[in-house]
Every structure is written in C-alpha cells, then in structure tokens.
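Remember, predicted model here, so these are calculated numbers, not experimental data. Every heavy atom of this structure was used, including side-chain atoms; hydrogens, water molecules and symmetry mates were not.
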Amino acid sequence: MANDIFRRVEKKYLLTRDDYESLMDRIWFFITEDTYFKSNISNIYYDSCDNELIINSIDKPIFKEKVRVRSYAIPKKDKDIVFLEVKRKFKGVVGKRRVKLTLKEFYDFIEKRKYKDSQIFRELHYIFDFYKLQPMMFVGYDRLSYKGKDDENLRITFDSNLRSREDDLRLELGDHGEKYFDEDMYIMEIKTLGAMPWWLVEALSELKIYPISFSKIGNIYCKKLEVENVK
C-alpha cells in the first residue's frame, strides 16, 4: 500500500474535436507527454443510499467531497493495483487523498474494514461508516495526459468517450457503459499549483475556450434524472 496527497487548482473546459486540434496546434511546443500518456480510466463512485454526496455536489456548495475507487486498466487478479480516494473541493481548491492498494486489499477494506493503519485509511473508514457508502455508479473515459516542458506541476488532460453504467459495479467486470455525449467531445482539465503560464492563457483566449463547471458524475446523474422524468 502507498498513500498520495494532492492539492492544486483545477479548471475544466468542454472542447469539440476542432477545438482540441486547434488548441494542440498552438501549445504542442510547450508540453510533452506525461509518463502515463494514454490510459483507460475506470471509476466506481460510492455514495449513501439517498445519493447524499452527489446531490450535495450538484448544489455547488463551498465544500464538497466524493469517494471513488479507480483503476487505470481493468484489474483481473487480486494483486492488480487500484486507488481508493476521497476528493474534496473547498473554495475552488481541490485536495485529493488516496491509497494505492491491490484489488484484494480493497475488498478486504470494503467488506471487512481490514487495512494497514494510516491517517488516510482512518478518514476513509470514517466516511464509509458515517455515510454508509455503497457502490453507486461506474464512470469511465479514455485519457490523454500532458505536462509542461518547463513546469512539471502543470498537467493538462483530455478525457473522451465518457461512459457510465449502474450495474456490474465492480472494476474487474470491465469498462463498458452508455455514452454521455452524442458526438466527439473532450473534457479538458488544467491542473496547476498556481497561475497558468502566459502561452496557455493566450491560446485559450484566442480560441475563445472558457472554463466551465463540469462534474462527470454530477452531469451523468442529472442526465439520468432528466431521462427518468421524461418517461
């Protein structure tokens, strides 16, 4: 097991394929592929039986949090690695605390509350028991990851093929799901420890690409409610 703690500013943007290609034409000289450039990310989000965490998140409060288990490939064996994490946002600053563990260790925690003692695990233990968390939804997407050539703290990711499902809520059961978008769209996230570099600000301004509020799990949940209300 290993623990990670992240704290940074994150901004999201919704891009068409043309937007993506035009932006890359302008910024390719300043960025390079990250260590894990291409990945297929799978998440199982956990929530209470009445979806308290996601409903609170949709209301855009000053503070919100979400809990998920994530993998960067479909785990098929007990020793394959997953990440259990709690992501919190307070006044625009994102903090993520996570533990790296095997699939078996994850289920030992979920089913038996068995884990090696650490501050993050104690927090997760409390959150799972306080909200009585249970698997709510699978969310998957395909990611391209870049970092700044001169600033490795700058991260730019492009997520496409956003998909979800409400059954088969185990990572080892695959990354299939219903697509969220009807056309090719990219969810771009820019992650920094401070201000964005001038070349990136200039490129976004030229292309009239502006930040938006877009939570993958939140938007999928709202779309699901809209469909149900139509029926």
Just by distance, no angles: are the side chains of [X] and [Y] close enough, under 3.5 Å, to form a donor-acceptor pair?
X	Y	result
D175	N40	no
Y221	E226	no
D19	T16	yes

Which heavy atom of [X] sits nearest a heavy atom of [Y], and at what distance?
X	Y	result
N56	F63	ND2-O, 3.7 Å
Y131	S48	O-CB, 3.3 Å
L171	R70	CD1-C, 4.1 Å

*How about Y146 and F37: are their ring centres within less than 6.0 Å of each other?*
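Aromatic pair counts; centres sit under 6.0 Å.
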Examine [X] relative to [Y] and say whether NZ or CZ is less than 6.0 Å from the centre of the six-membered ring and inside a 45° cone about the ring axis.
X	Y	result
R170	Y107	yes
K66	Y45	no
K11	Y210	no

_Can you classify the ring geometry of H125 versus F109 as parallel (below 30°), tilted (30 to 60°) or perpendicular (above 60°)?_
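Plane angle over 60°, so perpendicular.
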*Aromatic rings Y20 and F158: how do their planes relate, parallel, tilted or perpendicular, breaks at 30° and 60°?*
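Perpendicular: the ring planes of Y20 and F158 meet at over 60°.
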*Which distance, rounded to the nearest 0.5 Å, do you find between the CD1 of I220 and the CG of L225?*
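The distance works out to 12.5 Å.
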*Verdict with supporting geometry, K104 and D108, salt bridge (Lys or Arg N to Asp or Glu O under 4.0 Å)*: CA-CA 6 Å; K104 181 182 185 306; D108 282 345; 3.0 Å; yes
*Candidate list V82, T102, L173, test side-chain contact (heavy atoms from CB on, under 4.5 Å), partner P75, passing option*: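 With P75 as partner, side-chain contact (heavy atoms from CB on, under 4.5 Å) holds for just one option, V82.
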_Between F30 and Y13, is there shared hydrophobic-cluster membership here, with clusters defined by ILVMFWY side-chain heavy atoms closer than 4.5 Å?_
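In one cluster with F30: Y13, yes.
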